[in-house]
Peer 1: 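Would you mind keeping the following structure in view while I ask a few things?
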Amino acid sequence: QVQLVDTGGGLVQAGGSLRLSCEFSGWHYSTYSMAWFRQGPGKEREFVAAITRSGGNTYYRDSVTGRFTISRDNAKNTVYLQMDSLKPEDTAVYYCAADLWGQGSMHSPDYDYWGQGTQVTVSA
């Protein structure tokens, strides 16, 4: 049974930084591509970033490119999202997700497991 636990959210001023972590428990973490999605107030869930199983390729939505960095540590079964230069429009609940044998999809239906979410609030 796979379980994902998202942590690291909080309240930060615009221009600040946060680092989200997602700890994976279960078998064969390295067989899963990992991603972060977010859902803002009154909005649909949207793709933020993805990383392939080896960590060799990463993908980002346009609005976070250059500000956010996704990474993974396969020895610690953890994926991270470093968020810099945060903007109020980044306010959302952030979810990590795991896709067995995935290739770094940007589509939420491709993901098999989800974390519980962590709230990120950016004040102006």
Side-chain angles (χ1 to χ4, degrees):
Q1 181 70 18
V2 170
Q3 185 175 6
L4 304 177
V5 178
D6 311 324
T7 58
L11 173 63
V12 63
Q13 289 187 331
S17 298
L18 282 174
R19 187 195 198 202
L20 306 184
S21 299
C22 172
E23 184 173 352
F24 174 107
S25 60
W27 293 102
H28 305 304
Y29 171 66
S30 62
T31 63
Y32 289 82
S33 67
M34 301 295 294
W36 290 93
F37 289 78
R38 68 186 181 187
Q39 187 166 14
K43 299 181 181 180
E44 293 187 353
R45 188 172 298 189
E46 64 183 17
F47 170 79
V48 177
I51 188 166
T52 52
R53 288 170 275 141
S54 67
N57 293 95
T58 56
Y59 307 93
Y60 299 92
R61 70 179 298 106
D62 288 347
S63 63
V64 307
T65 298
R67 299 188 298 122
F68 290 11
T69 304
I70 189 171
S71 61
R72 66 188 294 162
D73 185 335
N74 283 0
K76 295 182 178 180
N77 286 10
T78 302
V79 62
Y80 305 97
L81 185 67
Q82 177 66 40
M83 305 186 294
D84 299 318
S85 302
L86 282 161
K87 304 176 180 180
E89 51 264 43
D90 295 317
T91 294
V93 178
Y94 284 71
Y95 300 88
C96 73
D99 179 10
L100 181 61
W101 300 115
Q103 304 294 325
S105 171
M106 295 185 289
H107 303 291
S108 59
D110 291 335
Y111 288 83
D112 304 294
Y113 298 99
W114 292 82
Q116 82 286 358
T118 184
Q119 176 70 48
V120 171
T121 303
V122 184
S123 63

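In what follows, every heavy atom counts, from backbone to side chain, and hydrogens, waters and symmetry copies are set aside. We count residues from 1, following the sequence as given.
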Peer 1: Are the side chains of Asp112 and Asp99 in contact, using a 4.5 Å heavy-atom criterion?
Peer 2: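 In contact.
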Peer 1: Looking only at heavy atoms, which two atoms of Leu4 and Ala98 are closest? And how far apart?
Peer 2: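 The pair with the smallest heavy-atom distance is CD1-N, 3.9 Å.
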Peer 1: Assess the residue pair Arg53 and Met34 against the criterion (side-chain contact (heavy atoms from CB on, under 4.5 Å)); give the C-alpha distance rounded to whole Å, side-chain angles, the decisive distance to 0.1 Å, and a yes or no.
Peer 2: CA-CA 7 Å; Arg53 288 170 275 141; Met34 301 295 294; over 6 Å; no
Peer 1: If you round to the nearest 0.5 Å, how far is CZ of Arg72 from SG of Cys22?
Peer 2: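 Output value for this atom pair is 10.0 Å.
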Peer 1: How many angstroms lie between atom CD of Gln119 and atom CG of Asp6, to the nearest 0.5 angstrom?
Peer 2: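 Atom-to-atom, Gln119:CD and Asp6:CG are 12.0 Å apart.
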Peer 1: When you measure from the side chain of Thr65 to the backbone N and O of Arg61, does any donor-acceptor pair fall under 3.5 Å?
Peer 2: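 Yes, the answer is positive, given that a donor and an acceptor are paired below the 3.5 Å cut-off.
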Peer 1: Indicate if Tyr95 and Val79 have the same hydrophobic cluster label, given that clusters are the connected sets of ILVMFWY residues with side-chain heavy-atom separations under 4.5 angstrom.
Peer 2: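 No; Val79 is not reachable from Tyr95 via cluster members.
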Peer 1: Might you point out which heavy atoms bring Ser33 and Gly104 nearest each other, and give the distance in Å?
Peer 2: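 Looking at all heavy atoms of both residues, the shortest contact is OG-N, 3.6 Å.
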Peer 1: What residue pairs, at least two apart or across chains, pass ring-ring contact (aromatic ring centres under 6.0 Å, His included) with a residue in residues 52-71?
Peer 2: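 Residue pairs passing ring-ring contact (aromatic ring centres under 6.0 Å, His included), neighbours aside: none found.
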Peer 1: What residues join Leu11 in its hydrophobic cluster, counting side-chain heavy atom gaps under 4.5 Å, either direct or through other members?
Peer 2: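 Members other than Leu11 - counting any ILVMFWY side chain reachable under 4.5 Å - there are none.
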Peer 1: Have a look at Glu46 and tell me which of Arg38, Gln39, Met106 forms a side chain to side chain contact (heavy atoms under 4.5 Å, CB included) with it.
Peer 2: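 Among Arg38, Gln39, Met106, the one that satisfies the side chain to side chain contact (heavy atoms under 4.5 Å, CB included) with Glu46 is Arg38.
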Peer 1: Going by heavy atoms in the side chains, are Ser17 and Gln82 under 4.5 Å from each other?
Peer 2: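 Yes. Closest side-chain heavy atoms under 4.5 Å.
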Peer 1: Taking all non-hydrogen atoms of both residues into account, name the closest pair between Asp110 and Ser105 and its distance.
Peer 2: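 Scanning both residues completely, I find the closest heavy atoms to be OD2-OG, 2.5 Å.
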Peer 1: Flag yes if more than 12 heavy atoms outside Glu44 fall under 6.0 Å of its CD atom; otherwise flag no.
Peer 2: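 It does not: Glu44 CD has 12 such atoms or fewer within range.
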Peer 1: Can Val93 and Thr118 be said to form a side-chain contact (heavy atoms from CB on, under 4.5 Å), step by step?
Peer 2: CA-CA 5 Å; Val93 178; Thr118 184; 6.0 Å; no
Peer 1: Quick one: side-chain contact (heavy atoms from CB on, under 4.5 Å) partners of Ser71, sequence neighbours excluded?
Peer 2: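 Once residues adjacent in sequence are excluded, the partners of Ser71 under the side-chain contact (heavy atoms from CB on, under 4.5 Å) criterion are Tyr80.
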Peer 1: What are the two closest heavy atoms between Leu81 and Ala49, and how far apart are they?
Peer 2: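 Smallest interatomic distance, heavy atoms only, reads CD1-CB, 4.2 Å.
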Peer 1: For residues 97-124, which residue pairs pass the ring-ring contact (aromatic ring centres under 6.0 Å, His included) check, not counting sequence neighbours?
Peer 2: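 Passing the test, one end in residues 97-124: Phe37-Tyr111, Phe37-Trp114.
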Peer 1: What's the shortest heavy-atom distance between Pro88 and Ala14, and which atoms?
Peer 2: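 Here Pro88 and Ala14 meet closest at CD-CB, 4.1 Å.
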Peer 1: Could you note down all residue pairs passing ring-ring contact (aromatic ring centres under 6.0 Å, His included) where residues 6-25 supplies at least one of them, sequence neighbours left out?
Peer 2: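 For residues 6-25, and leaving out neighbouring residues, the ring-ring contact (aromatic ring centres under 6.0 Å, His included) pairs sorted by first residue read Phe24-Tyr29, Phe24-Tyr32.
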Peer 1: Of all heavy-atom pairs between Ala35 and Ile70, which one has the smallest distance, and what is that distance?
Peer 2: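 Nearest heavy atoms, Ala35 then Ile70: CA-CD1, 4.3 Å.
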Peer 1: Output the distance between atom CG (Asp90) and atom OG (Ser63), rounded to the nearest 0.5 Å.
Peer 2: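 It is 7.0 Å, given to the nearest 0.5 Å.
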Peer 1: Within the side chain of Ser85, is there an N or O that forms a donor-acceptor pair under 3.5 Å with the backbone of Arg67?
Peer 2: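 Not a single qualifying donor-acceptor pair exists.
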Peer 1: Mind checking side-chain contact (heavy atoms from CB on, under 4.5 Å) for Val120 and listing every partner two or more places apart, or none if nothing turns up?
Peer 2: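 Listed in chain order: Leu18, Leu20, Met83, Tyr94, Val122.
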